[in-house]
Amino acid sequence: MSAEEDFLVLATEVKRFDYDRWLATLFMPAEVRTSVMAVLAFNAEIARVRETVSEAMLGDIRLQWWRDALSDLQSGVVRAHPVLQALSKIKAPRTLDVSLMQEMIDMRAKDLDPAPIASEGELLVYAEATGGNLHRLIYNVLCHKETSGAVEAVMRSGRSLALTGILRAVPFHAQNDLLLLPISVLNSHGLEASTVFRSEHKDHFRAVLEQLHELAEEEYLQAFEKSLSLSKVEKPAVLCNALTGIYLARLKKCEFEPADPRMQVSNIRKIFAMTGYKLFG
């Protein structure tokens with residue numbers, strides 16, 4: 001296939017599994033779009049391991065394959081996989097940070113445990129190693145050098161989107177026997193992982209989500225504030241802030257019921273939000 005056809009294959013996969021970040025790439029300079037898409041395609045691959053295997057051991061094997069493949073990539077050996085081939089062609093201002101990608105894989109291994117998060121602190125670590133690292137990789141593709149202030153803004157932005165995504169995805173995770181809500185928070189509201197979705201516990205469940213909503217909202221507000229100082233070159237790495245605020249507002253309006261149909265945000269609304277954030281955010 002041609003380079004253009006390879007890009008379209010990856011872009012189609014990212015659009016299917018990570019629409020919001022795919023949409024954000026449309027607001028990025030054309031010269032970096034292919035590289036960012038490769039990073040997003042990698043994330044889509046490892047994020048979906050839990051839902052594509054029938055047992056945890058198979059998931060461990062698949063994640064280990066990705067660990068080994070990235071190590072090979074660092075050594076100049078590119079395996080016959082479209083995502084790895086795309087990653088090998090990244091011409092970023094700085095070298096692709098494979099250590100961040102390895103951390104993402106290690107944290108995704110937690111998805112293979114039905115209830116892997118013990119506390120709010122662990123939830124923040126999970127969100128940082130997944131969403132935070134992903135957006136730092138995007139930032140690395142966009143920018144020639146890191147500054148501590150910009151990195152913090154980018155990491156917080158990715159982390160707040162990840163936290164918000166976990167709350168929004170509770171119904172989907174429940175269908176796949178996965179619970180990413182902290183056990184300590186469930187226990188503080190009289191719930192256990194095995195009982196959280198019982199109808200008689202609906203009010204307690206909403207109280208759990210309200211508490212975690214406050215955590216996500218605090219992260220979002222700090223991310224938004226720190227992102228105000230980013231340059232036009234850096235700003236595309238935090239376009240997610242445009243949608244995180246909308247999702248958090250919707251969840252509150254829906255009384256912390258993530259399955260409420262009103263949680264759905266139209267694509268037109270997302271486009272307007274990102275346009276406004278890029279111009280004025």
Side-chain angles (χ1 to χ4, degrees), residues 7 10-11 14 18-47 70 73-74 83 86-108 124-165 216 219-245 270 273-275 277-281:
F7 171 78
L10 292 185
V14 173
D18 193 357
Y19 180 84
D20 290 352
R21 292 190 182 94
W22 170 85
L23 185 62
T25 66
L26 303 184
F27 293 84
M28 297 180 184
E31 60 268 22
V32 302
R33 202 170 293 148
T34 299
S35 296
V36 172
M37 202 66 71
V39 170
L40 293 178
F42 163 74
N43 179 64
E45 286 284 341
I46 63 170
L70 287 179
L73 187 63
Q74 277 188 300
V83 171
L87 289 171
S88 72
K89 297 174 184 176
I90 287 181
K91 296 179 179 179
R94 285 176 292 110
T95 303
L96 189 67
D97 192 338
V98 174
S99 65
L100 293 176
M101 303 169 81
Q102 295 284 15
E103 288 177 9
M104 292 167 68
I105 294 173
D106 291 342
M107 194 55 65
R108 285 298 177 183
L124 287 172
V125 170
Y126 178 93
E128 175 138 332
T130 52
N133 280 8
L134 174 58
H135 282 263
R136 186 169 181 176
L137 288 168
I138 295 171
Y139 172 81
N140 287 348
V141 170
L142 293 169
C143 303
H144 287 276
K145 63 179 181 179
E146 288 187 341
T147 63
S148 58
V151 169
E152 183 176 3
V154 169
M155 294 288 284
R156 281 190 177 275
S157 297
R159 188 165 72 189
S160 64
L161 179 63
L163 290 171
T164 303
E219 286 293 320
Y220 162 69
L221 292 174
Q222 292 186 38
F224 191 95
E225 180 181 357
K226 293 182 180 299
S227 297
L228 291 174
S229 61
L230 296 182
S231 68
K232 289 183 178 180
V233 175
E234 297 167 327
K235 186 60 72 73
V238 298
L239 279 175
C240 57
N241 289 336
L243 302 185
T244 303
K270 293 177 181 181
M274 284 192 174
T275 301
Y277 185 80
K278 184 177 181 181
L279 293 175
F280 310 112

Colleague: Could you report the tightest heavy-atom contact between Thr164 and Ala216, atom names first, then the distance?
Modeller: OG1-CB, 4.1 Å
Colleague: If we ignore angles and hydrogens, is there a donor and acceptor under 3.5 Å between the side chains of His135 and Arg159?
Modeller: no
Colleague: side-chain contact (heavy atoms from CB on, under 4.5 Å) for Lys235 and Leu230? Distances and angles first, verdict last.
Modeller: CA-CA 6 Å; Lys235 186 60 72 73; Leu230 296 182; 4.2 Å; yes
Colleague: Is it possible for you to check whether Lys270 lies under 6.0 Å from the centre of the six-membered ring of Tyr19, through NZ or CZ, and within 45° of that ring's axis?
Modeller: no
Colleague: Could you measure the distance from the OG atom of Ser229 to the CD atom of Glu234? Nearest 0.5 Å is fine.
Modeller: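 Ser229 atom OG to Glu234 atom CD measures 7.5 Å (nearest 0.5 Å).
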Colleague: Calculate, to the nearest 0.5 Å, the distance between atoms CE and SG belonging to Met274 and Cys240 respectively.
Modeller: 7.5 Å
Colleague: Check for a donor-acceptor pair, side chain of Lys278 on one end and backbone N or O of Phe27 on the other, with a separation under 3.5 Å.
Modeller: yes
Colleague: At their closest point, which heavy atom of Val233 faces which heavy atom of Cys143, and how far apart are they?
Modeller: CG1-SG, 4.1 Å
Colleague: How close do Val141 and Ser35 get, counting heavy atoms only, and between which atoms?
Modeller: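 Residues Val141 and Ser35, closest heavy atoms: CG1-CB, 3.6 Å.
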Colleague: Distance alone, cut at 3.5 Å: any donor-acceptor contact between the side chains of Asn241 and Tyr220?
Modeller: no
Colleague: Assess, by modelled atom type and distance only, whether the side chains of Tyr126 and Arg108 contain a donor and an acceptor separated by less than 3.5 Å.
Modeller: yes
Colleague: To the nearest 0.5 Å, how far apart are CD in Gln74 and CE in Met101?
Modeller: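 Going from CD on Gln74 over to CE on Met101, the span is 9.5 Å.
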Colleague: Of all the heavy-atom pairs spanning Ala24 and Leu239, show the shortest one and how long it is.
Modeller: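 That would be O-CD1, 3.7 Å.
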Colleague: Could you check whether Glu128 pairs with Arg156 (Lys NZ or Arg NE/NH1/NH2 to Asp/Glu carboxylate O, under 4.0 Å)?
Modeller: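 Arg156 and Glu128: not salt-bridged.
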Colleague: Could you give the distance from CD (Glu31) to CG (Leu142), rounded to the nearest 0.5 Å?
Modeller: 9.5 Å
Colleague: Would you check if the side chain of Asp18 reaches a backbone N or O of Ala44 as a donor-acceptor pair within less than 3.5 Å?
Modeller: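 Judged by distance alone, no pair lies under 3.5 Å.
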Colleague: Can you list the steps and then say if Asp97 with Arg136 is a side-chain contact (heavy atoms from CB on, under 4.5 Å)?
Modeller: CA-CA 9 Å; Asp97 192 338; Arg136 186 169 181 176; 5.5 Å; no
Colleague: How close do Ala153 and Val238 get, counting heavy atoms only, and between which atoms?
Modeller: O-CG1, 4.1 Å
Colleague: Hey, could you give me the CZ/OG1 distance between Phe7 and Thr34, rounded to the nearest 0.5 Å?
Modeller: 5.0 Å
Colleague: Nearest 0.5 Å please: distance from the CD atom of Glu152 over to the OG atom of Ser157.
Modeller: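 Rounded to the nearest 0.5 Å, the CD-OG separation comes out at 10.0 Å.
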Colleague: Which heavy atom of Tyr139 sits nearest a heavy atom of Ala150, and at what distance?
Modeller: OH-CB, 3.4 Å
Colleague: Any donor-acceptor pair under 3.5 Å linking the side chain of Glu225 with the backbone of Gln222?
Modeller: no
